[in-house]
Amino acid sequence: MPSFPYFSVLTTFGVFCALFAIILQGFFASQDLKRITEILTNLLILENLDVVSQRVAVGYGSCKDLYVPGTQFLNYTIGQCREECMGGEIFSRRDLFENFGYFFQRGAAAERYTSNKSLFDELIRGASENNLDTKWSLGGNAPVMAKRFHLEGAQVLLAAQMSSDLRKSIPKEILLSLSSSIEQDDIHLILEYRSGEKWGPLRAPRANRFILHNDQNNPTLSVLESLDPLLDDFKPRLFVVSGLQMMDNYPFANGVRAKRLAKVRKQVASLPNETLVHFEMASYVEIELIDQLLKYVIPYCDSVGMNEQELENLQRFLSTRTVSLAADSNPRVAKTLRQMREVFSAIRTLPVNDPHRRELTRIHVHTLAYQAILIANASEWKNPINAVAKAALTAHRHVCGTSHINPDLASLILDDSFATTMTPNEPGSRRIKIHSTEPVSCWKEEISGTEVKICVAPVLVCKSARQTAGAGDNISAAGLILQI
C-alpha cells in the first residue's frame, strides 16, 4: 500500500532523531564531566596547603543528634497544614507540622526550640522505636567544629561537658573545659530530606534539614565559666563563639539572657589582640536576641560565618530591624555579594563605644552552589583563595559522606559566569567567568573606605545527599584553618 513507505520514512526519521538526541545528550554529559573533573583537580591543588598547627578554642556546649528521614517520620496526611504552612512557635504536633512544611517547601535550613518537653520526649521515643533509618551522632556547633579543627591538625580546647558515652565520639586529644561527665546529654532531633523529595503536595527544592530541640544545658551557656581559667595557659590563636542560637525563644527570666551574653563579651574581651575571634551564625528568629548579639557579641568578633538564610536574616535586621524566616535557598552570587557588603559596612559602623571592640575583617558565606569569603586587606587573615577552595570541597565531602570526591557524583549549579553586582550600572560592576583551570575567582574592592578582597569558589554539589546537618560547621572550620 502507498502509505507504508510514508510511515517507513517517518519511523526512520524518528529513530534518527532519537539517536541524535542520545548522542547529543551524551556529548553534553561528557563535557560537563570533563569540566567538573578539571575544576575538582584545581580545587584539590589549592586546598593542599601546608599550615602550621595552631591552637583553637571553641565554645559553647554539646549535644547528641538523632537523625531521622523527615517526610517518613512526619507522615503527611490531608490537613497537616492550613492553606499554607506557616513558621512560628512549636508547642504541639500541629505546630511542628506547620513549621516543618514551611521550611521544607523552601528548602531552607531551620533550628527551632520547643518548650513542650513531653512532646519532645514523645518524638524522640517515636523516632527511636519506629522502623526508620535513624542514627545517633555527635552534635552541636562547637563539638562538630572542634572535631573538624582537630582533623585539620589544630590543637583544640572545647568548652563543653558531655556524657561518658558522647565523649567517645570526639578524639581524646581534644581538651574539654569540664572533664566531669553528665548523665544525660541534650538531644537534637534532625529531620532531614533530599532534593526533590515530596511531603504531601509540597516538594523540596534542595536537600536540607529541620532541627528541633528542647535543650536544658546549652541555652544557659552552662559551660561558659569553665573556659575562663584555661584560656590564659592555652593561648589560642583563634577563638570560636558558636551555639548561641540555643538561646532563641528559650524562656529566660527577665534580664538573665543579657547577663549571660555580657559574660560572653567579657570572656572575648579578655583575649589578647593576637587571638582572632570568629562568630558562627545560625538560625535566629527572635528579634530581641539578634539585637543582643549585635550589642554583646558580634562587635567583639573579627569574623562571621553563615549560610545564605542567615545572611539574609542578618542583613534585613541591620537595615529594617525585621527578620526573614526563610530566604532564597539558591541565591545569585550578585545578591549574596550585595548582602555581604551591606553587612560588612553595617557591623563595622555599629555605635559601640568600648575599647575592646573589634573591627569585622572577615565574612564567610556558604551556599549550596558556591562559597564566598571577604577579608579586609589590612587584616591578619591569610590565604583566602585556598580557604574558599577547601570550604567548597569540604561541603561536598560532608554532604556526600565521603573523603574521596567522585566527579560522577557531583554537579555544578553555579553558571559559567556571575555578576558582581545586582545591576550593571553599579560602581565596580563586572562579569566574572569561571575557568576550569582557575576555578576560584578573586578581586579587590573598596567598601565604605576599606579595601577588601573577595573570593568565590564553585561547589561540586553532591547528587545524593547523605547528611546536611553539620555541613556549615565543617565548612566554616575548614575555611578558617587555612586563614589563621
Side-chain angles (χ1 to χ4, degrees), residues 28-54 56 144-145 147-154 171 207 238 305 307 330 333 336 362 364-375 381-418 432-443 453-468 470-484:
F28 286 130
S30 66
Q31 291 299 106
D32 287 343
L33 181 59
K34 178 183 177 183
R35 183 164 184 263
I36 288 172
T37 304
E38 287 179 347
I39 288 175
L40 171 60
T41 300
N42 288 285
L43 287 176
L44 288 170
I45 292 172
L46 288 173
E47 82 157 350
N48 188 23
L49 184 70
D50 290 331
V51 293
V52 177
S53 176
Q54 298 283 5
V56 181
V144 173
M145 293 186 77
K147 190 173 180 179
R148 170 56 59 180
F149 283 125
H150 171 75
L151 290 173
E152 300 297 342
L238 175 69
N307 65 24
N330 186 23
V333 176
T336 295
R362 180 182 183 272
H364 179 184
V365 176
H366 43 90
T367 79
L368 177 67
Y370 55 88
Q371 303 287 317
I373 290 180
L374 177 158
I375 63 167
W381 302 106
K382 303 179 292 185
N383 311 315
I385 185 172
N386 308 91
V388 77
K390 187 174 186 65
L393 294 171
T394 302
H396 178 98
R397 291 180 181 123
H398 178 83
V399 175
C400 264
T402 181
S403 58
H404 173 71
I405 300 178
N406 183 347
D408 286 320
L409 301 180
S411 63
L412 286 169
I413 296 179
L414 189 62
D415 294 332
D416 292 346
S417 64
F418 61 87
I432 295 179
K433 183 173 177 58
I434 299 173
H435 298 281
S436 300
T437 54
E438 295 182 5
V440 176
S441 305
C442 296
W443 66 95
K453 185 174 186 178
I454 301 175
C455 292
V456 174
V459 172
L460 302 176
V461 181
C462 179
K463 288 182 178 179
S464 181
R466 294 187 59 184
Q467 61 177 2
T468 58
D473 299 324
N474 278 276
I475 292 166
S476 285
L480 283 163
I481 201 68
L482 294 187
Q483 294 205 262
I484 57 174

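Along the sequence shown, the residues carry numbers beginning at 1. Note that these values count all heavy atoms, side chains included, but never hydrogens, waters or copies made by symmetry. Small disclaimer: the values here were computed from a predicted structure and weren't measured.
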Before you tell me yes or no, could you show the steps for V365 and Y370 under side-chain contact (heavy atoms from CB on, under 4.5 Å), namely the whole-Å CA-CA distance, both residues' side-chain angles and the distance that decides it to 0.1 Å? CA-CA 9 Å; V365 176; Y370 55 88; 5.8 Å; no
[X] versus [Y]: any side-chain heavy-atom pair under 4.5 Å?
X: D32; Y: L412; value: no
X: D473; Y: K147; value: no
X: W381; Y: L374; value: no
X: L49; Y: K390; value: no
X: V51; Y: K382; value: no

Determine yes or no for a side-chain-to-main-chain donor-acceptor pair under 3.5 angstrom, with [X] supplying the side chain and [Y] the backbone.
X: S53; Y: G153; value: yes
X: N474; Y: V144; value: no
X: N383; Y: L482; value: yes
X: Q54; Y: I484; value: yes
X: Q467; Y: V399; value: no
X: N386; Y: E47; value: no

Please round to the nearest 0.5 Å and tell me the distance separating atom [atom1] of [X] and atom [atom2] of [Y].
X: N406; Y: T37; atom1: CG; atom2: OG1; result: 8.5 Å
X: R148; Y: I481; atom1: CZ; atom2: CD1; result: 10.0 Å
X: I36; Y: T41; atom1: CD1; atom2: OG1; result: 11.5 Å
X: E438; Y: I39; atom1: CD; atom2: CD1; result: 12.0 Å
X: S441; Y: K433; atom1: OG; atom2: NZ; result: 10.5 Å
X: T394; Y: Q371; atom1: OG1; atom2: CD; result: 8.5 Å

Could you walk me through whether L480 and H364 pass the side-chain contact (heavy atoms from CB on, under 4.5 Å) test, one step at a time? CA-CA 9 Å; L480 283 163; H364 179 184; over 6 Å; no
So which atom in [X] and which in [Y] form the shortest heavy-atom distance, rounded to 0.1 Å?
X: I373; Y: R362; answer: CD1-NH2, 3.9 Å
X: A369; Y: N330; answer: CB-OD1, 3.6 Å
X: A387; Y: G479; answer: CB-O, 3.3 Å
X: I405; Y: L393; answer: CD1-CD2, 3.5 Å
X: P384; Y: K453; answer: CG-CD, 4.2 Å
X: P458; Y: I434; answer: CG-CG2, 4.4 Å

Just to verify, which of N48, V440, V459, V388 counts as forming a side chain to side chain contact (heavy atoms under 4.5 Å, CB included) with L43? V440
In sequence, state the C-alpha distance, the side-chain angles, and the governing distance for H396 and L40, and then conclude on side-chain contact (heavy atoms from CB on, under 4.5 Å). CA-CA 11 Å; H396 178 98; L40 171 60; over 6 Å; no
